[in-house]
Amino acid sequence: MFREAGFEVHVASVAGGKPPVDGRDETNEIQQQFFAEADLERTRTAAEFDAADYDAIFYAGGHGAMWDFPGDKALAELGAAIYEHGGVVAAVCHGPSALVELKLSDGSYLVDGKNVAGFTNAEEAAVGLTDVVPFLLADQLTARGALHHPAADFTEQVVTDGRLVTGQNPASAQLAATEVAKLLG
């Protein structure tokens with residue numbers, strides 16, 4: 001969707017190289033087009049990117065993000081720098097796990113006081129992983145000062161608060177991307 005809107009897209013991964021894929025949907029044409037066009041064999045880490053070169057960052061979800069994103073200092077710093085330079089920060093499904101440690105230069109959490117969406121506690125329970133994930137995303141976002149807005153399980157829910165765009169689950173990915181594209185104009 002970003003390429004169709006005329007934006008250049010680069011893919012980062014926590015470890016670099018070929019990232020793991022969590023929950024690929026073989027029936028989703030947009031997703032299949034992404035996998036066909038994206039170079040996922042040689043991704044770079046967040047530390048290899050210069051935030052000044054980017055207008056937005058989009059943290060994709062999947063349960064693996066719950067372990068991989070928090071604690072990745074470079075990933076948080078990249079998002080914070082993009083945001084503080086007037087850019088957009090977006091995340092969908094479990095991607096908002098990248099936001100739980102994302103602090104701005106004044107030491108505040110980006111999500112503090114912001115309206116957000118993210119995979120809900122009820123959705124985590126529905127997939128049977130409440131006791132598997134390292135934390136419940138909605139609870140952790142709320143603990144960082146976010147105002148979490150859940151919708152019904154597995155329905156589209158995107159919340160835009162200024163230059164922060166968050167989506168609740170995989171059903172929200174397309175609308176989240178559309179909202180980011182609108183902000184980038």
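A quick note: this is a predicted structure, and the numbers were derived from the prediction, not measured.
- For the pair Gln168 (side chain) and Gln157 (backbone), a donor-acceptor distance under 3.5 Å is absent.
- Counting only residues at least two apart or on different chains, the salt bridge (charged side-chain N to carboxylate O under 4.0 Å, His left out) pairs with a member in residues 135-151 are Glu101-Arg144.
- In this structure a side-chain-to-backbone donor-acceptor pair under 3.5 Å is missing from Gln140 to Leu137.
- Looking at every heavy atom in both residues, Thr155 comes nearest to Ser172 through O-OG, 3.9 Å.
- Side chains of Arg24 and Gln32 form a contact here, defined as non-hydrogen atoms less than 4.5 Å apart.
- Counting heavy atoms from C-beta outward, Pro96 and Val116 have side chains that stay 4.5 Å or more apart.
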- Task: List the steps and the verdict of side-chain contact (heavy atoms from CB on, under 4.5 Å) for Asp153 and Thr120.
- Result: CA-CA 8 Å; Asp153 290 359; Thr120 69; 4.0 Å; yes
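- Here the side chain of His149 pairs no donor or acceptor atom with the backbone of Asn115 at under 3.5 angstrom.
- Around the CG atom of Asp50, the shell of radius 6.0 Å holds more than 12 heavy atoms that belong to other residues, nucleotides or ligands.
- Considering every non-hydrogen atom in both Tyr109 and Val100, the closest pair reads CE2-O, 3.3 Å.
- Using a distance-only test at 3.5 Å, with no hydrogens or angles considered, a donor-acceptor pair links the side chain of Tyr59 to the main chain of Leu75.
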- Candidate pair Val11 and Asp39, rule side-chain contact (heavy atoms from CB on, under 4.5 Å), full reasoning: CA-CA 8 Å; Val11 179; Asp39 179 6; over 6 Å; no
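- For the ring pair (Phe, Tyr, Trp, His ring centres under 6.0 Å) with Phe2, the qualifying choice from Phe34, Tyr54, Phe58 is Phe58, the only one to do so.
- Side chains of Thr130 and Asn121 form no contact here, defined as non-hydrogen atoms less than 4.5 Å apart.
- At least one side-chain heavy atom of Leu99 sits less than 4.5 Å from a side-chain heavy atom of Leu164.
- The nearest pair of heavy atoms linking Val127 to Phe154 is CG1-CZ, 3.9 Å.
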Kindly list each side-chain donor-acceptor pair under 3.5 angstrom involving residues 173-185, sequence neighbours excluded, with atom names and distances?
unit_1, atom_1, unit_2, atom_2, d
Thr178, OG1, Gln174, O, 3.0
Glu179, OE2, Lys182, NZ, 3.2

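- Judged purely by distance below 3.5 Å, without hydrogens or angles, the side chains of His94 and Glu124 pair a donor atom with an acceptor atom.
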